[in-house]
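One is the number of the first residue; the rest follow in order along the sequence. Small disclaimer: the values here were computed from a predicted structure and weren't measured.
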Amino acid sequence: METPPLTLPARLSRRKSPGLRIGIQAGAADHYKMWPAERFAETIRRLTVRHPEARFVLTGSPPERALCEKIAGLAGIDAVENLCGETSVEELVELVAGLDLLISNDTGTLHVAAALGVPTLALFSPTSHREFGAWGPAKIHRVIQKPPPEDLSLPKKKRSDQGMRQIQVEEVVEAADALIQALDKEIG
């Protein structure tokens, strides 16, 4: 379903950086909306095999810094730059503007990317992408949506990440690769 695009002021517009830059937004406001760190790390490793030129940028807020350090350590490659907790909101917008793809949980960074026209791969389970997903052309915004877990009636702190654990690394890698291939065709 096509949705109207969000827009930002012209001074905060998308700009192409040299090479392939993939952003990873692993944190979220609630723990049960977060895909496991180990799976983000494995996704980075697998995408590096397919796209050796790729550089990965980890984004997030200061409280998410340890999560991003874990992902960078588990990925174990030099092509990961951890900027989690190191950017202001405006710097984050500028950073996202230079990405070729953002892989993200249900977060505000996802909406920033969509507003900039940056391709996104959004990971959803406990919330609906139809209600909370990226707005804009479906050809550049992909979603992996899994059924919500059964514990959504519990208080937020007692909910599990079982819904997000339904998302497999291979389906994220395949969807990300499809977006990268489409980007290559668009440029080439």
Side-chain angles (χ1 to χ4, degrees), residues 8 12 14-15 17-49 51 53-116 118-127 129 132-134 143-144 146 149 155-169 172-173 175-176 179:
L8 291 173
L12 299 172
R14 183 169 184 214
R15 56 183 164 41
S17 295
L20 176 60
R21 290 180 47 111
I22 301 172
I24 303 287
Q25 174 62 48
D30 298 303
H31 72 280
Y32 61 92
K33 295 180 183 180
M34 293 169 41
W35 200 44
E38 299 81 12
R39 294 188 185 179
F40 273 113
E42 180 63 21
T43 297
I44 290 169
R45 285 194 303 273
R46 290 191 192 183
L47 285 172
T48 299
V49 170
H51 305 280
E53 77 286 7
R55 305 286 304 162
F56 297 86
V57 181
L58 306 179
T59 63
S61 64
E64 297 165 345
R65 179 82 185 168
L67 169 68
C68 290
E69 286 173 357
K70 180 178 181 180
I71 292 168
L74 290 170
I77 60 171
D78 293 333
V80 176
E81 183 178 10
N82 185 1
L83 295 179
C84 187
E86 296 184 11
T87 60
S88 67
V89 172
E90 189 162 335
E91 290 167 336
L92 175 67
V93 172
E94 291 172 7
L95 172 75
V96 171
L99 296 175
D100 295 297
L101 170 64
L102 176 72
I103 302 172
S104 179
N105 295 314
D106 176 7
T107 68
T109 305
L110 173 68
H111 300 289
V112 169
L116 290 165
V118 172
T120 63
L121 174 54
L123 311 178
F124 278 81
S125 171
T127 54
H129 77 278
F132 298 105
V143 175
I144 297 175
K146 297 296 181 180
K156 286 184 176 187
K157 290 186 179 192
K158 293 188 177 187
R159 295 178 189 173
S160 72
D161 66 350
Q162 290 309 304
M164 295 300 286
R165 287 186 176 277
Q166 296 174 78
I167 301 171
Q168 300 302 309
V169 170
V172 173
V173 170
L179 283 163

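Looking at every heavy atom in both residues, Ala41 comes nearest to Leu74 through CB-CB, 3.5 Å. Closest heavy-atom contact between Val172 and Leu123: CG2-CD2, 3.9 Å. Contact record, Gly163 with Ser125: CA-OG, 3.0 Å, taken as the closest heavy-atom pair. Residues Phe124 and Met164 share a closest heavy-atom pair of C-SD, 3.9 Å. Looking at every heavy atom in both residues, Leu116 comes nearest to Val93 through CD1-O, 3.6 Å. Closest of all the heavy-atom pairs between Ala28 and Lys33 is CB-CB, 4.0 Å.
When side chains are defined from C-beta on, Ile24 does not count as touching Val80, because their heavy atoms never get closer than 4.5 Å. Contact check for Leu67 versus Cys84: no side-chain heavy atoms found under the 4.5 Å cut-off.
Atom CD of Gln168 sits about 9.0 Å away from atom CD of Gln166, to the nearest 0.5 Å. Separation of atoms CZ (Phe40) and OG (Ser104) is listed at 7.0 Å; rounding is to 0.5 Å. A distance of 9.5 Å separates CG in Leu110 from CG in Leu121, rounded to the nearest 0.5 Å. Note that CD of Gln25 is 9.5 Å distant from CE of Met34, once rounded to the nearest 0.5 Å.
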- Task: Show the numbers, then the answer: is there a side chain to side chain contact (heavy atoms under 4.5 Å, CB included) between Leu102 and Val112?
- Result: CA-CA 10 Å; Leu102 176 72; Val112 169; over 6 Å; no
- Message: Evaluate Glu42 against Arg45 for salt bridge (charged side-chain N to carboxylate O under 4.0 Å, His left out), listing each step before the verdict.
- Response: CA-CA 5 Å; Glu42 180 63 21; Arg45 285 194 303 273; 2.2 Å; yes
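Between the Asn105 side chain and the Thr107 main chain, no donor and acceptor come within less than 3.5 Å of each other. Formation of a donor-acceptor pair under 3.5 Å by the Arg39 side chain with backbone atoms of Ile167 is found in this model. Proximity of a side-chain donor or acceptor of Asp100 to a complementary backbone N or O of Arg21 within less than 3.5 Å is detected.
Note on residues 61-70: pairs passing salt bridge (Lys or Arg N to Asp or Glu O under 4.0 Å), not counting sequence neighbours, are Glu38-Lys70, Arg65-Glu69, Arg65-Glu86.
Shown are Leu58, Leu92, Val57; of these, the side chain to side chain contact (heavy atoms under 4.5 Å, CB included) with Leu83 is made only by Val57.
By the ring-ring contact (aromatic ring centres under 6.0 Å, His included) test, Phe56 is found to be paired with no residue, residues two or more places apart in sequence or in another chain being considered.
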